[in-house]
There are 2 protein chains.
Amino acid sequence: MTTMKDVASHAGVSTATVSRVLNGHAAPTQETRARVLAAIEELGYRPNALARSLRTTATKTFGLVISDLVNPFFAEIARAVEQEARAHGYCVVLANADESAEQQTTYVRTLLDRRVDGLLVCPATDDAAWMDEVVATGLPLVLLDRSVPGADCPVVRVDGAEALADLAATLVGAGHERVGVIAGPSDTSTGRERLAQFGSALAELGHPVHPDHVVHGDFRWESGKQAAAKLMGLPDRPTALVAMDNLMGLGALEQVRELGLSVPGDVGIAVYDDQPWFPLLDPPLTVIAQPTVEMGRAAARCLIALIADEQPPDVDLTARLVKRGSCGETGRG
Amino acid sequence: MTTMKDVASHAGVSTATVSRVLNGHAAPTQETRARVLAAIEELGYRPNALARSLRTTATKTFGLVISDLVNPFFAEIARAVEQEARAHGYCVVLANADESAEQQTTYVRTLLDRRVDGLLVCPATDDAAWMDEVVATGLPLVLLDRSVPGADCPVVRVDGAEALADLAATLVGAGHERVGVIAGPSDTSTGRERLAQFGSALAELGHPVHPDHVVHGDFRWESGKQAAAKLMGLPDRPTALVAMDNLMGLGALEQVRELGLSVPGDVGIAVYDDQPWFPLLDPPLTVIAQPTVEMGRAAARCLIALIADEQPPDVDLTARLVKRGSCGETGRG
DNA sequence: CTGGGTCATGTAATCGATTCCAGTGCACGA
DNA sequence: TCGTGCACTGGAATCGATTACATGACCCAG
């Protein structure tokens, strides 16, 4: 590879001058500037980002740690983060934790070692030992989607309380007596919050969720399927299922179909998270839609602000209910 | 941040020794090794990957350039690449080209500057100016999913000829007289090949595709929707639509539904690419399934082999037809 | 004509690691 | 006892950039 030294000698100047030209300093003459640029062009020189970063202690890179890339919810976020980062001249190193806390810790360490300029993390669980290490280095950090107890950094999250209340009302209005909930892991903030908010909304309407009608999954397809199997196998089975994540929802739908039940005829289904193709499902799913693109964007902007030594506030977006009839709400309510 | 020098003085040794301990060299005594490790532990030292990479000219990083992260097909590939890379101690820098050739070139340059150890690219188009730059640096390169003319590097691709022939036979068997094709861009290898292979398979069966019944999209939802609108608006409209990519297929399905047509009653639909939730669509889609995970894995392994100075062969996987009835094949054929 | 200031440029230190080469200490064989 | 070899360790160069400081040319005012 050609280095700055090559360019310098080729242009008959010192490396300092080449560097100044490269970084747009005022100093160099139009004439030397031209000579240097010509040399760069001629040699096909490209600066070594590693060397530059080592010297400047800036990598123009974000680390993005997400818990599951095949979950379209996270894929959309990742895409949005990447777009916003790119617009500001940053690259994104992607780390897929596969919903594992250890994997996540390992990755955070790797990203620290690589001296990323900032870290965006969707925490896999509440266990935030990794956070201490990050805080110790003073690296800008933003939490995304899920928060963790005692976190001392900006958090970008989505408030689903209202949407869940709307959903509860819709379900009750559609005549559902017993609502089964396929909740997320109770060691994630979203797992806990969604369940709590939805539960209290239903309780307020006089239809509290029966403890047996709550099953915890792990935000993945298979767990949703199993949860649905369990719930629908109960003697007093639910008349509607609410899955607190899109993959679990799809798993539940698959299970219900395999049981030969019709939706919403035999059982209603609603799902947290929306996808462009949800209207094409059989039946089109009633969902709680989160502004994923806005989440990713906001998180990236937040991180950029942190890097600029500003003190960005938390970002709270809101989810909203989208009715498509899979709870029988058009037919009945 | 604590550096190696800190560790060295804290342990009363030189940086050379610390480095040797860190890299598992044979030299240091058990005793000094212990002292160094203790110092590392005590100071919470973590090596600076930038400095190391600068010296060793290895970053343990792959660059992965894909054309669209929200396309679940690519998301799956990205995930598989990431897993395989991680298993071999590599990180993945993700670059999303958004199906734009320029964007792709920009990203390739950035990745070169960052001295990634290897590059995995799903080329956005046949225009491979960027490839010359990569070849010039001698950086290991593997093409994924799509190839480009005159590419002198390993390619991991999927052969869909047989599956497309099966699909053609299935359509003809189901009584479809006129098949509309929503093809990919003709400046991508997959766009061209799939169309050609499918076209000749139908021709061999005595049902050549009418030129008016071929519309090119850009592998995205909206283009599939528009293509379907165009095709279904023809006086002699197709009795079946085949979309050569999952997003275009979903767009087509959406359009057909908006037109109030039933599938497969009024028009059959088949799609290239499968997804876990395709069986849950209305109707479940007949597809040509590609082994995405295997693609990603194979590509990563291929790259690792290249880095190890081996000469891995091209990888050719095969797609297969999965019938789910959306072409009327259960009812009619 | 000269001293001080401005401006472009070069010299060299530096970032934090790795690694070649040389030096030290010790054991062992003659 | 002394030379030889081996094992361990340290000094210092190096990777490729950035940047503080020094230098020299040049200009202008006094």
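Every chain is numbered from 1 and lettered A, B, ... according to where its sequence line falls, protein lines coming before strand lines.
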Asks: If only atom types and distance count, is the side chain of B:T292 paired as donor or acceptor with the main-chain N or O of B:I77 below 3.5 Å?
Replies: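 No, because the side chain of B:T292 does not come within donor-acceptor range (under 3.5 Å) of the backbone of B:I77.
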
Asks: Roughly, in whole Å, what's the span from CD in B:Q30 to P in D:dA7?
Replies: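 Roughly 15 Å, once rounded to whole Å.
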
Asks: Identify the heavy atoms of B:Q104 and B:C122 that sit nearest to each other, and give their distance.
Replies: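 In this case the closest contact between B:Q104 and B:C122 is OE1-O, 3.6 Å.
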
Asks: Compute whether any side-chain donor of one residue and acceptor of the other, for A:Q83 and B:D98, lie under 3.5 angstrom apart.
Replies: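 Note: A:Q83 and B:D98 side chains meet the donor-acceptor criterion.
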
Asks: Do nucleotides 17-25 of chain C as a string where each nucleotide becomes B, S or -: B if the base has a protein heavy atom under 4.0 Å, S if just the sugar-phosphate does, - if no protein is that close.
Replies: BBBB-----

Asks: Using a 4.0 Å heavy-atom cut-off, does A:S53 contact any base of the nucleic acid, only the sugar-phosphate backbone, or nothing at all?
Replies: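 Nothing, no heavy atom under 4.0 Å.
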
Asks: Quick one: pull up CZ in A:R86 and OH in A:Y90 and give me the separation to the nearest 0.5 Å.
Replies: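 OH of A:Y90 is found 16.0 Å from CZ of A:R86.
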
Asks: Rounded to the nearest 0.5 Å, how far apart are CZ of A:R114 and CG of B:L50?
Replies: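 Between A:R114 CZ and B:L50 CG, I get 9.0 Å after rounding to 0.5 Å.
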
Asks: Taking it one step at a time, do A:L94 and A:I66 satisfy side-chain contact (heavy atoms from CB on, under 4.5 Å)?
Replies: CA-CA 8 Å; A:L94 182 73; A:I66 59 178; 4.2 Å; yes

Asks: Give one of base, sugar-phosphate or nothing for B:T32, where a contact means two heavy atoms less than 4.0 Å apart.
Replies: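 It contacts sugar-phosphate atoms only.
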
Asks: Between B:L54 (CG) and D:dA13 (P), how many Å, whole number?
Replies: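 Between P of D:dA13 and CG of B:L54: 17 Å.
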
Asks: Measure from CD on A:E31 to P on C:dC7 and round the result to the nearest Å.
Replies: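 In whole Å, C:dC7 P lies 19 Å from A:E31 CD.
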
